[in-house]
Amino acid sequence: MSKNMELARIFAEIADVLDLTGANAFKVNANRKVARTLEEAGEDLAELARTDPARLRDIPGIGDSSAKKILEFVTTGKVAEREELLASIPAGVPALLQIPGLGPKRVRTLWTEGGVDSVDTLRAKLADGSLGGLPGMGPKTLKAIEESLTFLDTTRGRIRLGEALPVALELIAYLRNAGAVTRISHAGSLRRGKETIGDIDIVASSTHPAALHEALRNAPGVSKVLVSGETKTSIRTAHGMQVDLRTVADAQYGAALLYFTGSKEHNVRLRERAQKMGLRLNEYGLFKEDATAKGTPQERGEQPVAATTEESIYEALGLWWIPPELREDHGELENQPPKDLIDTKHIKAELHCHTTASDGTLSIAGMVDQAIARGFHTIVLTDHSRSQAQANGLSIERLRAHIAEIRAVAAVYADRISVLAGSEVDIMVDGTLDYPDDVLAELDFVVASPHSALRAESAVATERLLAAIRHPLVHIIGHPTGRIVNAREGLSPDIALLAREAAKHNVALEVNANTMRLDLRDSHVRMCVEAGCLVAIDTDAHGAGDFDQLPYGIATARRGWLGNSQCVNTWTRAKLGEWIASKR
DNA sequence: GCCGTTTTCGGCCCGACTGTTTTCAGTCG
């Protein structure tokens with residue numbers, strides 16, 4: 001398993017304690033940024049520190065000091081600065097920062113003046129009323145803290161993209177019905193297609209914003225109104241999801257959408273760029289900066305340089321268009337995103353799906369009909385191999401009968417769609433495949449996937465997957481890490497190495513579009529793009545509705561800067577057919 | 001702590017909302 005998450009926690013802890021002890025805010029931020037970099041890295045940075053420390057130092061945001069700490073962790077298993085910092089304050093204090101409404105200043109007040117040294121003592125002191133009279137802590141603040149604690153008891157943390165998007169779209173439809181909406185969109189990490197979402201952001205322009213804010217406060221399923229102003233409303237749903245609505249005049253909509261889509265880091269870079277150009281960027285527009293004038297440009301009623309659309313703002317900043325999924329400060333201001341960035345409408349083939357032969361819910365013909373309905377020219381049926389007993393995996397005998405059945409259906413559909421006989425074959429612990437080669441050769445197509453031993457060491461996992469990539473009959477490595485979003489970390493092989501080897505062997509690495517998987521993940525896709533290997537985006541459909549998960553896989557691939565030409569699912573029937581045949 | 005189209009030193013994005021305050025600090029995104 002990768003050490004990135006463990007290291008990220010260490011840097012986050014360092015940042016928290018520095019923050020609580022009143023250290024330089026920029027130093028705090030620098031540590032937070034390193035934590036974020038570690039969380040989002042596609043490769044194991046501890047491993048990188050071991051093998052190529054110079055490259056570690058080249059990663060933006062990681063300077064000498066942080067690189068040293070990562071190296072220290074690699075050699076000793078800990079970071080002395082973190083140990084010292086944590087020892088300097090009561091163990092339960094940093095956790096107080098997780099409570100909504102409590103930042104470093106209030107936590108410090110609670111701790112040093114109120115004797116609060118943990119969440120438990122906070123609870124007790126709130127209950128016995130002994131916190132009244134602390135500076136800046138009036139009755140409303142204390143009540144808000146109490147409510148936050150109750151909320152934390154029931155919260156589920158970040159939710160999956162596939163859960164959040166339907167809720168957001170439903171709310172947007174509801175707000176549209178409330179009237180007075182000119183333009184409206186989801187924003188934030190949801191619009192950027194991140195695999196998990198903290199809260200749902202909605203931006204709207206409206207002729208009667210007050211009506212819109214009232215509609216959200218009264219929306220079905222609202223359990224609490226958190227914030228309610230003239231331009232901003234935040235509510236919490238009964239399911240514990242927070243929804244923020246921001247309204248602006250229509251002429252400012254582009255600036256607002258840009259701002260609330262983020263990411264924060266992308267916005268900071270845009271504003272720095274604006275500043276250098278003598279401009280000021282905020283959620284109302286891009287303005288000429290006038291340091292001598294009082295107040296904000298929008299307060300002075302100044303005409304913005306650009307504001308109505310996101311496109312106009314990027315253009316005025318001398319930048320190319322940057323799609324929302326790429327706005328992470330991952331080089332999108334320095335390098336132009338691919339002009340043929342992958343899009344759902346480009347997908348013309350499903351290469352990994354299941355039927356009732358193993359654990360799917362539709363027949364062969366049923367799945368083929370679904371593919372035709374989506375305008376695909378090719379579908380490969382890939383039921384589970386024999387080791388997947390719990391998924392009704394096919395014995396060799398059953399596989400042969402299934403192949404015959406697929407061929408019969410294929411003949412019926414031949415003039416409308418290519419129907420191919422494949423299998424999702426388990427990659428065994430030792431890297432061999434679950435059927436002998438002569439059986440695999442009877443199939444048109446092979447997706448090789450890991451399903452077991454998903455806690456193996458990184459180096460072991462790498463060798464196991466490399467063996468599958470080198471197998472001459474394999475087309476795709478399915479969900480290469482086996483991770484489940486928010487639930488199972490899965491394997492952490494050396495993806496860069498796998499991608500280079502896949503490029504050499506003309507094998508595609510899969511982006512499994514199922515919202516539970518999204519595997520490969522965004523940062524891994526970026527490594528595939530850099531290595532130039534083929535990528536497949538498949539839904540791994542087990543029934544009709546699963547085909548609709550494709551956009552989640554597309555979002556993940558876009559976040560990895562994947563272009564059309566590198567994705568086998570976008571190829572023409574003929575070109576795809578040639579690649580498939582080349583493995584036989 | 002990080003970084004460089006003015007910089008190896010001296011900066012480091014911008015505004016809404018709330019609560020506790022007489023003009024602003026703290027938090028959040």
Side-chain angles (χ1 to χ4, degrees), chain A residues 11 14-15 18-19 22-37 57-70 81 96-110 132-145 147-148 187-190 192 197-203 209 213 225-234 242-248 252 255-256 258-287 289 295-299 318 329 334:
Chain A
F11 279 92
I14 289 174
L18 286 174
D19 210 355
N24 178 307
F26 297 106
K27 183 171 168 179
V28 175
N29 243 337
N31 278 284
R32 292 241 158 84
K33 185 172 179 184
V34 175
R36 177 177 183 260
T37 300
R57 182 63 185 71
D58 282 344
I59 297 172
I62 298 183
D64 284 331
S65 171
S66 297
K68 257 187 215 137
K69 282 175 219 167
I70 293 172
E81 183 184 349
L96 295 170
L97 288 170
Q98 300 309 312
I99 300 166
L102 287 189
K105 302 282 168 53
R106 282 180 183 156
V107 168
R108 198 174 159 76
T109 303
L110 286 169
L134 284 181
M137 301 268 179
K140 286 193 177 176
T141 301
L142 292 176
K143 183 155 181 289
I145 295 171
E147 285 176 356
S148 288
S189 50
L190 191 53
R192 301 202 309 280
I197 307 299
D199 52 30
I200 293 173
D201 295 303
I202 298 174
V203 175
H213 288 282
V225 176
L226 299 167
V227 165
S228 177
E230 286 177 15
T231 64
K232 181 179 171 180
T233 296
S234 294
Q242 184 176 326
V243 181
D244 299 333
L245 170 68
R246 190 61 191 267
T247 53
V248 293
Q252 303 162 331
L258 176 66
Y259 178 59
F260 288 102
T261 296
S263 65
K264 188 176 192 292
E265 291 75 12
H266 179 81
N267 286 346
V268 168
R269 294 295 310 279
L270 290 183
R271 288 176 181 194
E272 286 171 355
R273 186 180 177 93
Q275 225 179 25
K276 285 186 184 128
M277 296 170 75
L279 301 167
R280 182 203 287 215
L281 179 62
N282 60 29
E283 56 261 59
Y284 300 104
L286 181 66
F287 298 90
E289 182 65 299
T296 61
Q298 65 273 12
E299 281 167 2
D329 189 21
E334 293 77 18

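To find a chain, count down the sequence lines: A is the first, B the second, and so on, and within it residues start at 1. The model shown is predicted, which means the values in this text are computed figures rather than measured ones.
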What's the gap between B:dG26 and B:dT20 when it is taken at their P atoms, as a whole Å value?
14 Å
Name the closest nucleotide to the A:Arg280 side chain, picking from B:dC14, B:dC17, B:dG1.
B:dC14
Who are the side-chain hydrogen bond (donor to acceptor under 3.5 Å, both in side chains) partners of A:Glu334, not counting sequence neighbours?
A:Arg269
Atom-pair distance (CG on A:Leu286; P on B:dC14), nearest Å:
11 Å
Per-nucleotide protein contact along nucleotides 21-27 of chain B, 5' to 3', at a 4.0 Å heavy-atom cut-off (B base, S sugar-phosphate only, - neither), is -----SS
With rounding to the closest Å, how many angstrom separate the C1' atoms on B:dG15 and B:dG10?
25 Å
Roughly, in whole Å, what's the span from CG in A:Leu245 to C1' in B:dC17?
14 Å
If we call it a pair only when both distances are under 3.5 Å in a Watson-Crick or G-U wobble match, what pairs with B:dG15?
B:dC28
Does the side chain to side chain contact (heavy atoms under 4.5 Å, CB included) test come out yes or no for A:Leu245 and A:His213, once each step is laid out?
CA-CA 7 Å; A:Leu245 170 68; A:His213 288 282; 3.9 Å; yes
Run the numbers on A:Leu190 and A:Asp201 for side chain to side chain contact (heavy atoms under 4.5 Å, CB included), then give the verdict.
CA-CA 8 Å; A:Leu190 191 53; A:Asp201 295 303; over 6 Å; no
Using atom P of each nucleotide, how far apart are B:dC13 and B:dT18 to the nearest Å?
26 Å
CD1 (A:Ile14) and CZ (A:Arg32) are apart, to the nearest 0.5 Å, by 11.5 Å
From B:dT18, B:dC14, B:dA16, nucleotide with atom closest to A:Ser228 side chain
B:dT18
Reckon A:Asp199 touches a base, only the sugar-phosphate, or nothing at all at heavy-atom distances under 4.0 Å?
sugar-phosphate
Passes side chain to side chain contact (heavy atoms under 4.5 Å, CB included), A:Met137 versus A:Leu110? Steps please.
CA-CA 9 Å; A:Met137 301 268 179; A:Leu110 286 169; 3.8 Å; yes
Among B:dG19, B:dG15, B:dC17, the one nearest A:Lys140 by side-chain distance
B:dG19
Remember a base hit wins even if backbone is also touched, and classify A:Ser66 as base, sugar-phosphate or nothing at under 4.0 Å, heavy atoms.
sugar-phosphate
Whole angstrom value for the distance that separates C1' of B:dG29 from CG of A:Leu226
13 Å
Which residues satisfy the salt bridge (Lys or Arg N to Asp or Glu O under 4.0 Å) test with A:Arg271, sequence neighbours excluded?
none
Please step through side chain to side chain contact (heavy atoms under 4.5 Å, CB included) for the pair A:Tyr259 and A:Asn282, ending with a clear verdict.
CA-CA 7 Å; A:Tyr259 178 59; A:Asn282 60 29; over 6 Å; no
Give the rounded distance in Å between these two atoms: CD of A:Gln252 and P of B:dC14.
17 Å
B:dG1 phosphate, OP1 or OP2: any side-chain N/O from A:Ser65 under 4.0 angstrom?
yes
In whole Å, measure the gap between the P atoms of B:dT8 and B:dC3 for me.
16 Å
Which of the following nucleotides, B:dT20, B:dG1, B:dA16, is nearest to the side chain of A:Glu283?
B:dA16
Between B:dT27 and B:dT21, how many Å separate the two P atoms, rounded to a whole number?
15 Å
Show me the protein contacts with nucleotides 3-7 of chain B, counting only N or O atoms at under 3.5 Å.
| from | atom 1 | to | atom 2 | distance (Å) |
| --- | --- | --- | --- | --- |
| B:dC3 | OP1 | A:Gly61 | N | 2.6 |

Minimum heavy-atom separation for A:Phe260 to A:Ala187, with atom names?
O-CB, 3.4 Å
Nearest-Å distance once atom C1' is located in both B:dC2 and B:dT7:
14 Å
Just how far is it from atom OG of A:Ser66 to atom CD of A:Glu81, taken to the nearest 0.5 Å?
9.0 Å
Report the distance from atom CG of A:Asn31 to atom P of B:dC2, rounded to the nearest whole Å.
7 Å
Using the side-chain hydrogen bond (donor to acceptor under 3.5 Å, both in side chains) criterion, which residues pair with A:Gln275? Sequence neighbours excluded.
none
Would you give the length of the straight line joining atom CD of A:Gln242 to atom CG of A:Leu226, rounded to the nearest 0.5 angstrom?
5.0 Å
From CD (A:Glu272) to CG (A:Leu270), nearest 0.5 Å:
9.5 Å
With the side chain of A:Val227 defined as its heavy atoms from C-beta on, choose the nearest nucleotide among B:dC17, B:dG29, B:dC12.
B:dC17
In whole angstrom, what separates A:Leu258's CG from B:dC13's P?
16 Å
Within the pair A:Tyr284 and B:dA16, is there a side-chain N or O less than 4.0 Å away from OP1 or OP2?
yes
Here's a test of your reading of the structure: between A:Leu142 and A:Gln275, which maps to the more 5' nucleotide of DNA chain B?
A:Gln275
The side chain of A:Pro297 is closest to which nucleotide in this list: B:dG15, B:dC2, B:dC17?
B:dG15
Given that A:Leu279 and A:Tyr259 both sit by DNA chain B, which one's nearest nucleotide is further toward the 5' end?
A:Leu279
Could you state the NZ-P distance from A:Lys232 to B:dT18, rounded to the nearest angstrom?
9 Å
Please report, rounded to the nearest Å, how far the C1' atom of B:dC13 is from the CG atom of A:Leu281.
9 Å
What is the minimum heavy-atom distance between A:Ala255 and A:Tyr284, and which atoms define it?
CB-C, 3.6 Å
Heavy atoms only, 4.0 Å cut-off, all strands: where does A:Phe260 land among base, sugar-phosphate and nothing?
nothing
Give the residues of residues 263-273 of chain A touching DNA chain B, defined as any heavy atom closer than 4.0 Å, sorted by residue number.
A:Lys264, A:Val268, A:Arg271, A:Glu272
Taking the same atom, C1', in B:dA16 and in B:dC12, what whole-Å distance lies between them?
22 Å
Would you say the side-chain atoms of A:Ser189 pair up with the backbone N or O of A:Arg192, donor to acceptor, closer than 3.5 Å?
no
